[in-house]
Protein chains: 2
Amino acid sequence: MSQSRRNESIPEATVPRLSQYLRKLQQLQARGAETVSSRQLADAVGTNPAQIRKDLSYFGEFGTRGVGYDVNLLVGELRKQLGLDRSWNVIIIGSGKLGTALALYRGFEKQGFNLVGMFDTDERVIGRDRGAGPVLSIDELESFIEANDVHIAIITTPAEAAQPLIDRVVAAGVPSVLNFAPIRASAGEPVILRQVDLSTELMTLSFYLDKD
Amino acid sequence: MSQSRRNESIPEATVPRLSQYLRKLQQLQARGAETVSSRQLADAVGTNPAQIRKDLSYFGEFGTRGVGYDVNLLVGELRKQLGLDRSWNVIIIGSGKLGTALALYRGFEKQGFNLVGMFDTDERVIGRDRGAGPVLSIDELESFIEANDVHIAIITTPAEAAQPLIDRVVAAGVPSVLNFAPIRASAGEPVILRQVDLSTELMTLSFYLDKD
DNA sequence: ACCTGTGAAGCATTTCACAGCT
DNA sequence: AGCTGTGAAATGCTTCACAGGT
């Protein structure tokens with residue numbers, strides 16, 4: 001839906017799995033493991049070995065037959081493929097509890113996501129530190145984006161505010177958006193948009209609960 | 001992966017879409033719309049009409065040829081199919097910023113998700129109100145679950161704490177878990193498990209950003 | 001004229017199964 | 001003997017296209 005060029009052929013379903021492989025591999029790396037087989041990794045992330053070999057094969061041949069994969073090498077390769085061998089500038093729009101929770105979760109700074117700014121409309125929080133330096137007024141959104149090469153905007157506002165703000169960040173040139181507001185957001189074609197939706201998750205659980 | 005019986009045949013991909021149809025339909029309902037065609041609904045949620053008709057057809061025939069769907073009727077039908085014609089008891093484990101954000105988001109109470117308790121290990125927050133009445137000690141987890149018929153446990157703890165707590169709620173009989181901790185959690189077969197993962201979302205964005 | 005419901009076609013993803021390397 | 005890489009088969013999902021009803 002949102003790829004291009006060289007990776008025309010990588011299944012969309014593969015991409016999120018790569019990040020899970022990476023997480024597990026980094027754990028193995030921290031424990032000093034040097035080698036891992038597709039079976040071991042599959043058991044650890046809950047899939048099957050063929051899935052892993054197929055996913056990796058879209059990018060090249062990284063394993064050694066009879067042995068498995070070199071953990072360090074594969075970590076490096078996955079980081080490169082996932083675009084983690086550089087840094088990305090992230091802003092959070094909405095400095096409520098959720099925005100603050102995400103800002104304080106410093107786990108992703110390690111992977112190269114650089115939280116450069118946080119925005120809100122509420123006069124009372126502007127200027128305060130919610131985990132990303134002083135919260136800025138939404139009035140400064142466009143000028144800040146212009147000046148700071150923002151790659152990712154995370155939306156954590158109430159539902160009503162979300163779509164107009166997405167339109168604004170997109171118009172200002174931000175190429176990707178992660179939306180936590182409970183709406184089905186939309187954005188023009190070249191923009192990469194992902195949505196995280198609590199009520200959809202809960203309803204999906206209740207659908208299956210109801211069937212037992 | 002986690003269905004049974006009657007619904008053996010409903011694609012997993014259909015279920016989250018039903019919740020999006022429902023949200024749009026409830027908006028239409030609020031605006032007084034009486035009828036909607038698959039094309040209108042498809043445009044509104046960003047899919048195509050055949051998808052909607054196919055999704056609905058798994059549950060029955062709710063439309064009128066030449067006319068479309070009765071909005072009220074379809075809202076009722078979707079709520080029933082999604083298990084929203086009853087209420088579900090939810091607990092949140094972890095009363096940090098994220099847990100509190102979810103507790104304060106009262107949007108889902110309207111849909112029948114009933115937040116009955118919130119748990120933490122930190123002595124300093126136990127007893128305080130974080131949006132769901134007094135925060136309880138994690139020591140009371142099993143007895144609370146026993147006494148309160150808990151259907152859904154939402155995990156918002158740090159990574160290290162998550163898997164053992166999931167094991168505990170599952171052992172105590174909670175049939176479904178929504179995990180926000182950044183781990184690939186696992187749970188035995190009859191349990192319904194869904195995961196929301198910020199770092200996977202960010203990495204998926206950066207994968208596609210990198211290709212432009 | 002318009003719109004649903006649905007077989008069948010088309011497309012995407014997963015899994016199998018085995019040749020080939022260490 | 002063990003494990004990767006990959007065509008091919010199997011499965012799952014989406015879209016087409018049209019018969020049938022209003």
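These figures come from a predicted structure and were not determined experimentally. As a basis for the values below, the full set of heavy atoms in this structure was taken, side chains included, without hydrogen atoms, waters or symmetry mates. Per chain, numbering begins at 1; letters A, B, ... match sequence-line order.
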Could you report the tightest heavy-atom contact between B:Val45 and A:Arg184, atom names first, then the distance? O-CG, 3.9 Å
Round to the nearest Å and state the distance from B:Asp55 atom CG to C:dG5 atom C1'. 13 Å
Spacing between A:Leu41 atom CG and D:dC3 atom C1', to the nearest angstrom: 14 Å
Here's a test of your reading of the structure: between B:Glu61 and A:Ala13, which maps to the more 5' nucleotide of DNA chain C? B:Glu61
Can you give me the closest heavy-atom contact between B:Thr157 and B:Ile93, atom names plus distance? CG2-O, 3.4 Å
For C:dT14 and A:Tyr58 - does any side-chain N or O of the residue sit under 4.0 Å from the phosphate oxygens OP1/OP2? no
Closest heavy-atom contact between A:Leu209 and B:Pro175? CD2-CG, 3.5 Å
Pair A:Lys54, A:Gln51: side-chain N/O donor-acceptor within cut-off below 3.5 Å: no
Scan A:Ser38 against the nucleic acid and name what it touches under 4.0 Å (heavy atoms): base, sugar-phosphate only, or nothing. sugar-phosphate
Nucleotide nearest A:Pro11 when distance is taken to its side chain, options C:dT13, C:dT14, D:dC16: C:dT13
Under a 4.0 Å heavy-atom criterion, the protein footprint on nucleotides 17-22 of chain D, written with B, S and -, is B-BBBS
Rounding to a whole Å, what distance do you find between B:Glu12:CD and D:dT11:P? 16 Å
Provide, to the nearest angstrom, the distance between the CD atom belonging to B:Gln51 and the P atom belonging to C:dC3. 19 Å
Length of the line joining A:Asp43:CG and D:dC3:P, which is rounded to integer Å: 12 Å
Pi-cation contact, B:Phe108 with B:Lys110 (under 6.0 Å, within 45°): no
Which of B:Val196, B:Ile152, B:Ile154 passes side-chain contact (heavy atoms from CB on, under 4.5 Å) with A:Glu201? Answer is B:Val196
In this structure, how many angstroms lie between the P atom of D:dC13 and the CZ atom of B:Arg17, rounded? 9 Å
Let's see if you can work this out: which of D:dG7, C:dC16, D:dT4 has an atom nearest to the side-chain heavy atoms of A:Tyr69? D:dT4
To the nearest Å, how far apart are A:Ile10 CD1 and C:dT13 P? 11 Å
Per atom distances to the A:Ser37 side chain, the nearest of D:dT14, D:dT4, C:dT14 is D:dT4
In whole angstrom, what separates A:Asn48's CG from C:dT13's P? 16 Å
Checking B:Glu146 now: which residues fulfil salt bridge (charged side-chain N to carboxylate O under 4.0 Å, His left out) with it, not counting sequence neighbours? none
